[in-house]
Enquirer: 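Handing you this structure, nothing more for now.
Numbers restart at 1 for each chain; the letters A, B, ... are given by sequence-line order, proteins then strands. The figures here come from the full heavy-atom set of this structure, side chains too, leaving out hydrogens, waters and symmetry mates. Computed from a predicted structure; not experimentally measured.
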Amino acid sequence: MSLAQQLPALQIVVPLLTAPLVVLLRGPGLSWAAASAASVMAFVIAIAITSMVLTGGALSYEMGGWPAPFGITLEIDALSALMLLLVTGASAVTLLCGRASLAQNMDAGRQHLFFAAWLIVLAGLAGIAATGDAFNVFVFMEISSLASYVLIAAGSDRRALTATFKYLIMGTIGATFYLIGVGLVYMMTGTLNFADMELRIADVTDQRPILVAAGFITVGLALKAAVFPLHIWLPNAYTYAPHMVTAFLAACSTKVAIYVLLRFDFLVFQGNLEAHAIQFAIFLAPLALLGILVGSAVAMVEANIKRLLAFSSVAQIGYILLGASFASAAGLTASVALMFNHALAKGALFLAVAAIATRIAGLRLDDIAGIGRRMPWTCAALALAGASLVGIPGTAGFVSKWLLLQAAFEQGTFGIVAIVVVVMSSLAAVVYIWRIVECVYFGTPKNEDTTFAEAPLPLVAGLWLVALANVYFGLVPALPVTLAETAAADLLSHLP
Amino acid sequence: MTVVFGLFLLTLLVITAIAIVREENLFTSVMLTGIFSLLMASNFFILDAADVALTEAAIGAGISTVLLLGALALTPRNERKYRGGRWMALVVVTLTTLVVVYATFEKPRLGDPEAPVHQHVAPWYLEKTPELIDIPNVVTAVLGSYRAYDTLGEVIVVLTAGIGVLFLLGLPGAVGDRKPEDLATGRTYLSHHLVPQVVGQLLIPFILLFALYVQFHGEYGPGGGFQAGAIFAAAIILYALIEGEREALNVISPRTLMWMMSGGALLYGGVGIVTMLMGGNFLEYGVLTSNPIVGQQMGIILIELGVGITVAGVLLAIYHAFAARGR
Amino acid sequence: MNPTDTIAIAMLLPLIGAVGIALCGRWPNVREVVTLVTATSLAVVVWSLTPHIMAGERPELVVAPLFDGLSLAFTVEPLGMLFAALASTLWIVNSVYSIGYMRGNNEKNQTRFYVCFAIAISAVMGIAFAGNLLTLFLCYEVLTLSTFPLVAHKGDAATVRSARIYLGILLGTSIALFLPAIIWTYMATGTLTFEPGGIISGKLAGPAVGLLLGLYVFGIGKAAMMPVHRWLPAAMVAPTPVSALLHAVAVVKAGVFTLTKVIIYVFGVDFLFAQPSAEWLLYAAAFTILAASVVALRQQNLKRMLAYSTIGQLSYVILAAAILTPLSEIGAAVHIVAHAFGKITLFFAAGAIYTASKKTELNQLRGIGARMPWTMAAFTIGALSMIGVPPTGGFVSKWFILAGAFQSNNYVAIFTIIVSTILNAAYFLPIIFMAWFSKEAPGGKAHGEAPWPAVLALCVTAVLTLAFFFFNQPVLDLESQLVGRVK
Amino acid sequence: MELLGLYNYWVFAVLLMVGFYAVIAKPNMIKKLLGLSIFQAAVFLLYITMDKVEGGTAPIIQKGVVDAIYSNPLPQVLILTAIVVGISTTALGLALVVRIYEAYGTIEEDETQQLDIEEPDSQA
Amino acid sequence: MAMLLDGLSWVMLVGGGLFVLIGGIGVLRLPDLYTRMHAGSLTDTLGTLLILGGIMLQAGLTLATLKLLAIAVFLLLTGPTATYALANAAFLAGLLPKNADLPEDIAP
């Protein structure tokens, strides 16, 4: 078998098997190097896979050589490819440029475990994105969740521990709900393979258990995706996790859960289950709107910038869900493009936060007041990423916002509501991003040392890489938009 | 007859569960959890799930109880009394339950051979296994070959738990700044309990033997890496209880534990890599030898070994992490 | 050098200049030289385009295709040409003036000032040459953001607060109204390219048109239609060169320019003329003119008064465009130029007075004519142009607008113009009178003219104001093409 | 008999209820974890219940025995995995609880929250 | 002969069950820990042993019997040990038998 055919497996196996090796490595430097190498390799593989998908259509890989539905198969279509790009890219950038920030407050004796856990998160998320088997999703969801608990608990503040515990409880409940749902579906169809489920679920005479299963799966994944009002674990987890971890997870982890949600809803349920399509629109759309409003509102008054950005993430998840809840080509395109662009913007913002945190003690607004002069590069990138989050034209954020509004315009009266909400929250975004930028540039510093203290070079470099990516994909949005459109077409092709 | 017995056990399960939740002395709760797991195990057994029963008994009743006790030794024994006001919770919970019951009315009756579960994939496993893999225990076949990828993931989950606990609590001699020498030497809990020590030393060899039996007999009867690993760990933990952490850590050094944790997973993954190099898919054991059936059996034995090693290593490491944290 | 490249160069030059300025920040003289060189070369480049446009060419430049059919594209048409030429030319003058002003008041962060200024100019070029609404919107936002640091230049609490108003209103309106309007247009018509004769006609009808027009008018906050005008007075906290070029010429003109373009190329004059639901624009503009003039009448601070006068004058352009007759469209275009010359002169004067004497209030200006004859002469010319007295540029534009109004017997417009002319006279003439003829208040410290670059600059603009009365033919030719297309 | 056939499912539902209640209503963290394991055990029961076939035996093929009925191996495999995941989660949770107790001096969630509120939001 | 063995096994089974029952009642009814342990130990020694023996007789000379034998041996080892450890721990924890009059020297 040629290497190209093995790529899907390698995508997951490389980080998955580097992790135990990293456990054995002593010394932070070595383990960091190994972890970075693995995730860079994963990123390269992801790029290769994406190009293959774009040219040759979806890939399929039979684990252990057993055909579906008897064995587990990997199914990588445009959507999965996009997810793989996000996950591996986020990991590669944050690891490569984040060494200084990570070493800041973690004793060297444990770092190798930390990096191993990091790789496991990476492998878990990639595995979820790649697999075509409902139970396998559960396994990899647990892999990534457990490992990310470790990463978050590594935060220096003691509140990281309680935040992690809350996350652990809610995450496990979510996973178990998902497990119940899968169990019910399996009970009625006798298969675990997505594609196979789709075929067999149609013949199920009584759809009650299926409907309940849909409910459980949706709720479970909503917990993992921090959909309002199940988001309560997210703000603390993001706030007290190590900054690099926040950058990594905020860029991709919740989106992967949404990805599974989309997959299950469109591939398995909506095609066969009239009631479910309605359930999706009726329950998720309002939640999405509420999430957008509440997230933005809280972000406007929050004083700790990490928590501020975390709440803005809650709002952004609302956007993604809103686009999906239109269940239209435009809507799904917008939703997928949002995943990509939000990952870029939020990733850059949290990287900037990490960069600032390498020089400034606190992360409240009054702590970072007036550091624009001390860390010009970091702050410029921060402003740029902020513009992208707000959706200033010329940045990636604008593209997705445009697509979302455009999709909303097709929706008639509900669309109008959606537009009003989105516009309101964009204004809110202007406000809360501006609070940061203005504070950074025009705020009066607490202590009057205006010595030039730029963050470590690799960090700034990575930060600018992502920030410029925001601009690039704002002016040449071909890649994400093409992927998004293909993905939307795939998903919709499963509707009746 | 079995049905009635089943009803009896299930009812006991419910009662135990309620007791666990209501009891305010956590120590008692933990003990009850052990009982709960045993009941669950026997329940699984009457439902013809021998492997699951064995696992639940070894892991649920055995290891997790030990871990809970280990944690309890470091935290308060009693749950704080507190006033009520949990209507919200009650409502949510009741709603969930009602939804489940609502769904269950349509479910196939217990043991209905016509249920779709028994139609599609399962029969294929039962038919093809003899000719494709040719080992009696179909569960092992599915676990080790058809869904080996899941099992690999499972091993990684265990490994992650190990990594996490060691990261949070440290392991004298491997993670953190403490060395085994810092630990209190000599007999610990049972210093003045002669009888248990004698009996324990008498039993440990048998337990290890049994672990190996479960490990390598997994293809033919119930058992396999997970159960074996758990039992093996149990034996060492017993030794630690009798002789103390320090001695136990001298028997299997912390570094060895780390090697076991990773080594098992690496062995498992290595098999997959080898199959890839030999031109097959990941974990496609058939290519290992000229005869695919032999190859399959070989692969399964190897990966089960990997599973066993990792599970044993991780469970031991976790136990030591908890036990050493105290003193 | 073919026109297409020229467009690109016109937008890149200021950016390159910005980089250069940033690099030379350490040596003020070099930095100033870079600024001037950039400005001059930009003007040359832009002017080199005019013959092509005169000849009726419409060079196009497609930078990057965005999503489904939309692309980042630029084309040059008469209105844009005029605007670009105007802005680029005045940038030279303004740079000269800035040097005098910034040094005279030894402001801090001068490098940041010049850099942001250059970026803003490049954004203005982008707006002028934008080939479709999306591109225009992009440059519009860039302009807003790049001017924020200029407005907040002083950096003290009060300044930042006004700057916040400035940004809040401009960004808010553009996101909340302008963007939805664009998307609505796109959904309705499937394109956003500026087409002579408009793209909406036949796609929308009835009250929807009025609503869409409303979204545009108030979404384009830079046009400062009441009630979204608050940002302009707020922006007066900026150093005077900023107020002069940006908030008398570049930014505000970008607003009315965008609006005019939307009316001519998106709605289409003929189409809009047939829409009863669009008439309200005329009344809104009229109201703004009168209200702004009244408010200006009551101002004590010179720059704030000029700001309100600007609001009024902007609405002249909108009014003219809203009269929807060929002559009035020309009037709109011409007024953009005329008002630019006049108002920049006034601001220069105000700035010069501040630099020389630190005076900002009207009642401090008694007898200042004696101390600063050149400045006040220029000020007088500017004021006359605002009122519309021959021989100044203001008269020309007013003439065309009135002519247009008569063409369509639009009595509201006529009435508005007459009344507002009286009001303008009412708040400008007293100042001029005070400055020249009334005695200076005792105890005022002695001072002469402002630094020579500033004086030079304001004299130049004053001369331009006069010159425009006599030599306005080229502009008329250029814009009559526009009308030719409108007809 | 029809109802007896569903009894397992109801026990599953009740266990689910009990465990879930403990998780969300009890402030004591160890109690939460115990509830969590009951909650998961309930799901194990659901899966194992569906693999039972009347008159079947464990899916260990006896050579030579023709038309023997075997129960369904697949759910057993899934639950083997799930059990291991469960214990891993519990172990990690317990480690967290130990650390929390060291950091806060309590493992009652409401008390830790109180402490967090009182503490000024310092380095985050 | 088989008849006899069968009868014997049944006697043992029933007897075993009886002892288990008694043990259970004892655990519920007896006053304090030590006496209860006494009753409990009855269950896991005599009770279980009799039952195992009964099953062995049922099984005859097979591998199963061997396994049962092993189980019996282990029970014999562990049961008393556990009881001992429990009692010892309780005593060291300062739990005295109900209305016990101990000589001073062994009081904890």
Enquirer: Against chain B, work out which of D:Val85, D:Val98, D:Val97, D:Ile100 has the most heavy-atom pairs shorter than 4.5 Å and name it.
Expert: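 Among the listed options, the one with the most contacts to chain B is D:Val98.
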Enquirer: Side chain, backbone, both or neither: which part of D:Thr81 has a heavy atom under 4.5 Å from chain B?
Expert: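 Contact with chain B: backbone and side chain both.
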Enquirer: Rounded to the nearest 0.5 Å, how far does CD1 of B:Ile59 lie from OG of D:Ser88?
Expert: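 Here the interatomic distance stands at 8.0 Å.
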Enquirer: How long is the straight-line distance from CD1 of D:Ile79 back to OG1 of B:Thr55, given to the nearest 0.5 Å?
Expert: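 Taking OG1 in B:Thr55 and CD1 in D:Ile79, the distance rounds to 10.5 Å.
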Enquirer: Is D:Leu94 close to chain B through its backbone or its side chain, or both, or neither, when contacts mean heavy atoms under 4.5 Å?
Expert: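 For D:Leu94, the contact with chain B is made by backbone and side chain together.
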Enquirer: Is D:Lys31 reaching over with its side chain to a backbone N or O of B:Glu23, donor-acceptor style, under 3.5 angstrom?
Expert: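 Yes: the side chain of D:Lys31 pairs with the backbone of B:Glu23.
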Enquirer: How close do B:Asn137 and D:Pro59 get, heavy atom to heavy atom, and via which atoms?
Expert: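 Heavy atoms of B:Asn137 and D:Pro59 come nearest at OD1-O, 3.8 Å.
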Enquirer: For the candidates D:Gly86, D:Ser71, D:Ala82, which exhibits the highest count of non-hydrogen atom pairs separated by less than 4.5 Å from chain B?
Expert: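 Sorted descending by pairs with chain B, the first entry is D:Ser71.
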Enquirer: Tell me, for D:Phe20 versus chain B, whether the close heavy atoms (under 4.5 Å) come from the side chain, the backbone, both or neither.
Expert: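 Backbone plus side chain of D:Phe20, per the 4.5 Å heavy-atom cut-off to chain B.
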Enquirer: Give, as side chain, backbone, both or neither, the part of B:Leu168 having an atom under 4.5 angstrom from any heavy atom of chain D.
Expert: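 For B:Leu168, the contact with chain D is made by backbone and side chain together.
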Enquirer: Name the region of D:Leu96, side chain, backbone, both or neither, that has any atom closer than 4.5 Å to a heavy atom of chain B.
Expert: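 Both the backbone and the side chain of D:Leu96 come within 4.5 Å of chain B.
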Enquirer: Over all heavy atoms of both residues, which pair between D:Ala95 and B:Phe322 is shortest? Give the atoms and the distance, please.
Expert: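 The pair with the smallest heavy-atom distance is N-CZ, 3.5 Å.
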Enquirer: Under a 4.5 Å cutoff for heavy-atom pairs, which residue among D:Leu78, D:Thr90, D:Leu45 has the most contacts with chain B?
Expert: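 Greatest number of close heavy-atom pairs with chain B: D:Leu45.
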Enquirer: Can you see which heavy atom on D:Ile87 is nearest to which on B:Ser64, and at what distance?
Expert: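 Result for this residue pair: CD1-CB, 3.3 Å.
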Enquirer: Can you see which heavy atom on B:His118 is nearest to which on D:Asp51, and at what distance?
Expert: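 Closest heavy-atom pair between B:His118 and D:Asp51: CE1-O, 3.5 Å.
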Enquirer: For a quick test of your reading: what N or O donor-acceptor pairs under 3.5 Å do the side chains of residues 160-167 of chain B make, sequence neighbours left out?
Expert:
| unit_1 | atom_1 | unit_2 | atom_2 | d |
| --- | --- | --- | --- | --- |
| B:Thr160 | OG1 | B:Ile156 | O | 2.6 |

Enquirer: Given that the side chain runs from C-beta out, which part of B:Leu67 has a heavy atom under 4.5 Å from chain D: side chain, backbone, both or neither?
Expert: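 The answer is both parts of B:Leu67.
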Enquirer: Enter the distance from D:Leu80:CG to B:Arg147:CZ here, rounded to the nearest 0.5 Å.
Expert: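 Atom-to-atom, D:Leu80:CG and B:Arg147:CZ are 12.0 Å apart.
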Enquirer: If I compare all heavy atoms of D:Asn28 with all of B:Asn78, which pair ends up nearest, and what's the gap?
Expert: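 Heavy atoms of D:Asn28 and B:Asn78 come nearest at ND2-O, 4.4 Å.
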Enquirer: State, with a plain yes or no, whether a side-chain heavy atom of B:Asp51 is found less than 4.5 Å away from one of D:Val77.
Expert: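 In short, these two side chains do not touch, never coming nearer than 4.5 Å.
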Enquirer: Measure distances from D:Leu16 to the heavy atoms of chain B and classify the residue's part below 4.5 Å as side chain, backbone, both or neither.
Expert: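 The side chain, not the backbone.
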Enquirer: Under 4.5 Å, counting heavy-atom pairs only, tell me which of D:Ala91, D:Pro73, D:Ala58 racks up the most with chain B.
Expert: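 Highest number of heavy-atom pairs under 4.5 Å: D:Pro73.
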Enquirer: May I ask you to name which of D:Gly35, D:Ala41, D:Ala42 has the most heavy-atom pairs under 4.5 Å with chain B?
Expert: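 Looking at each option in turn, the highest pair count goes to D:Ala41.
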Enquirer: I would like to know whether B:Thr96 and D:Tyr21 meet side-chain hydrogen bond (donor to acceptor under 3.5 Å, both in side chains); could you show each step before the answer?
Expert: CA-CA 10 Å; B:Thr96 323; D:Tyr21 175 80; over 6 Å; no
Enquirer: State, to 0.1 Å, how close D:Ile60 and B:Pro222 come at their nearest heavy-atom pair, and which atoms those are.
Expert: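 Scanning both residues completely, I find the closest heavy atoms to be CD1-CD, 3.4 Å.
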Enquirer: Below 4.5 Å, heavy-atom pairs only: which of D:Val18, D:Ile107, D:Val84, D:Leu74 has the largest tally toward chain B?
Expert: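 When all of D:Val18, D:Ile107, D:Val84, D:Leu74 are compared, D:Val84 has the most.
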Enquirer: For the atom pair CD (B:Glu79) and CD (D:Glu108), what is the distance rounded to the nearest 0.5 Å?
Expert: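 Going from the CD atom of B:Glu79 to the CD atom of D:Glu108 covers 6.5 Å.
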Enquirer: Is a side-chain donor or acceptor of D:Gln76 paired with a backbone partner of B:Asp48 at a separation under 3.5 angstrom?
Expert: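 It does hold such a pair.
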Enquirer: Could you give the distance from OG1 (B:Thr97) to CH2 (D:Trp10), rounded to the nearest 0.5 Å?
Expert: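 If I round to the nearest 0.5 Å, the distance is 14.0 Å.
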Enquirer: Rounded at 0.5 Å granularity, tell me how far CD1 in D:Ile61 sits from CG in B:Leu126.
Expert: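 Atom-to-atom, D:Ile61:CD1 and B:Leu126:CG are 6.0 Å apart.
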Enquirer: Enumerate donor-acceptor pairs with a distance under 3.5 Å from any side-chain N or O in residues 31-47 of chain B to protein atoms, sequence neighbours excluded.
Expert:
| unit_1 | atom_1 | unit_2 | atom_2 | d |
| --- | --- | --- | --- | --- |
| B:Thr33 | OG1 | B:Ser29 | O | 2.7 |
| B:Thr33 | OG1 | B:Val30 | O | 3.2 |
| B:Ser37 | OG | B:Thr33 | O | 3.2 |
| B:Ser42 | OG | B:Leu38 | O | 2.8 |
| B:Ser42 | OG | B:Leu39 | O | 2.8 |

Enquirer: Walk me through it: do B:Val52 and D:Phe44 pass the test side chain to side chain contact (heavy atoms under 4.5 Å, CB included)?
Expert: CA-CA 9 Å; B:Val52 184; D:Phe44 305 162; over 6 Å; no
